[in-house]
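Reading through the structure tokens given below for one structure.
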Amino acid sequence: MHEIVDQQDWMRRGAVRHARNLLGKFLVRAGSSGTMARMITEVEAYDGERDLACHARAGRTARTETMYAAGGVWYVYLCYGVHEMLNLVVGPPDWPSAVLIRGVDGISGPGRLTKWLEIDRRLNGLAAEPASGLWIEDRGVRLPRSLVQATPRIGVSYAGPVWAAKPWRFMLAGSLLVSGRGRSWK
DNA sequence: TACTCGATCGGA
DNA sequence: CCGATCGAGTAA
């Protein structure tokens, strides 16, 4: 119980598989007001330059450089000039892929969760380990497959019909708290 | 250097 | 539905 997920694990396997597996894990934040841990309830996978919804679709740039790192570091960027978005980089080096943390127990929405957990771009590129103040723990929750629901990702219509339709958003089925404005995803 | 447009959210 | 708010990416 309460095992910190090892960086070796983040380097193996792809973003879609990691996204599913992150459901039920705990996001742990050691911040100015103590340590808080919440179960991850909603995520999205972004996988490689071929994925037209992924920031790395245009290749290596100053911003996407973090995504090319070996799995196990945080990728945090500013969205709409307002919201900090938290991603965990996964997979081997030079394959830009990450999992966007969209929701945790009691907090729905990627912008809200970073606000309440005091997460910003200062964490960009830092390891998902206690030393950085933000890490992932496996606390033994095992979710039945039937509880995991897959849908298309939110807000990525710019990616075109094929990539926007990929069912790479994973969430706990029946969860009352769902981000994306409750809209039917398009 | 001048644009455009977001992996969102809260309020009208 | 709309505005906030700013930096990355692109074109020039």
Side-chain angles (χ1 to χ4, degrees), chain A residues 10 13-23 25 27 29 38 40-69 71-91 94-126 128 134 136 148-172 175-186:
Chain A
W10 300 128
R13 301 188 293 277
V16 174
R17 184 125 170 237
H18 276 296
R20 261 195 309 256
N21 288 338
L22 275 165
L23 291 179
K25 299 294 190 298
L27 181 66
R29 176 58 163 154
R38 288 178 183 263
I40 296 171
T41 58
E42 184 185 351
V43 295
E44 282 176 0
Y46 289 86
D47 192 27
E49 296 176 352
R50 60 184 182 142
D51 176 6
L52 298 184
C54 181
H55 285 168
R57 60 189 176 276
R60 282 184 189 265
T61 65
R63 181 174 64 160
T64 63
E65 191 59 35
T66 306
M67 297 189 82
Y68 288 80
V73 301
W74 299 113
Y75 169 49
V76 186
Y77 69 93
L78 186 66
C79 187
Y80 292 102
V82 180
H83 306 288
E84 308 279 344
M85 298 282 121
L86 175 66
N87 299 253
L88 179 64
V89 175
V90 295
D94 298 319
W95 182 269
S97 54
V99 177
L100 170 65
I101 312 294
R102 291 189 61 90
V104 295
D105 189 35
I107 308 175
S108 181
R112 287 203 196 113
L113 97 80
T114 54
K115 178 182 178 184
W116 299 123
L117 296 182
E118 299 179 333
I119 292 165
D120 61 34
R121 283 162 287 174
R122 284 174 292 186
L123 279 157
N124 185 52
L126 298 188
L134 186 66
I136 304 279
V148 177
Q149 182 179 1
T151 81
R153 294 168 290 183
I154 299 295
V156 297
S157 58
Y158 59 83
V162 173
W163 290 97
K166 297 283 182 187
W168 288 356
R169 174 187 182 223
F170 300 96
M171 52 190 288
L172 294 188
S175 175
L176 293 178
L177 292 171
V178 173
S179 69
R181 194 157 283 277
R183 80 189 80 150
S184 56
W185 35 89
K186 291 178 181 174

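Side-chain contact between A:Arg102 and A:Phe170 is absent, with no heavy-atom pair separated by less than 4.5 Å. Inter-residue side-chain proximity for A:Asp51 and A:Lys166 is flagged as unmet; no heavy-atom pair is nearer than 4.5 Å. Contact of the A:Leu27 side chain with the A:Ile136 side chain is registered, since non-hydrogen atoms from C-beta on lie closer than 4.5 Å. Between A:Trp163 and A:Trp168 the shortest side-chain heavy-atom distance falls below 4.5 Å. No side-chain heavy atom of A:Leu134 sits under 4.5 Å from any side-chain heavy atom of A:Leu117.
Across the protein-nucleic acid pair, A:Asn87 atom CG and B:dG6 atom C1' stand 14 Å apart, rounded to whole Å. One can place OH of A:Tyr46 at 12 Å from C1' of B:dG6, the figure rounded to the nearest angstrom. Taking atom CD on A:Glu44 and atom C1' on B:dA7, their separation rounds to 6 Å, with Å as the unit. Spacing between atom CG of A:Leu113 and atom P of B:dG10 amounts to 12 Å, rounded to whole angstrom units. Distance CG (A:Leu52) to P (B:dC5): 17 Å, rounded to an integer number of Å. In this structure, CD1 of A:Ile119 is placed 16 Å from P of B:dT8, rounded to the nearest angstrom.
Secondary-structure stems of DNA chain B, taken as three or more successive Watson-Crick or G-U wobble pairs (i with j, i+1 with j-1) under a 3.5 Å distance threshold, comprise B:1-6 with C:6-11, B:8-11 with C:1-4.
In this structure, A:Asp94 pairs ionically with A:Arg60, as a charged nitrogen and a carboxylate oxygen lie closer than 4.0 Å.
Using bins of under 30°, 30° to 60° and over 60° for the plane-to-plane angle, the ring pair A:His18/A:Trp10 lands in the tilted bin.
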Quiz item: Can you give one letter per nucleotide of nucleotides 3-8 of chain C, 5' to 3': B if a protein heavy atom sits under 4.0 Å from the base, S if only from the sugar-phosphate, - if neither?
Solution: -BBBSS
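OP1 and OP2 of C:dG9 both lie 4.0 Å or more from every side-chain N or O belonging to A:Arg57. Here A:Arg112 reaches the OP1 or OP2 of B:dG10: one of its side-chain N or O atoms lies under 4.0 Å away.
The aromatic ring of A:Tyr158 does not sit over the base of B:dG6; the criterion of centres under 5.5 Å apart with planes under 30° is not met.
Residue A:Thr151 holds its OG1 atom at 7.0 Å from CD of A:Glu44, rounded to the nearest 0.5 Å. Between A:Glu84 atom CD and A:Asp120 atom CG the span is 5.0 Å, to the nearest 0.5 Å.
Taking atom P on both nucleotides, C:dT5 is separated from B:dA2 by 22 Å, rounded to a whole Å. The separation of B:dC5 from C:dA12, taken at their P atoms, amounts to 15 Å, rounded to a whole angstrom.
For A:Ala58, taking side-chain heavy atoms from C-beta onward, the closest of the listed nucleotides C:dG9, B:dC9, B:dA7 is C:dG9.
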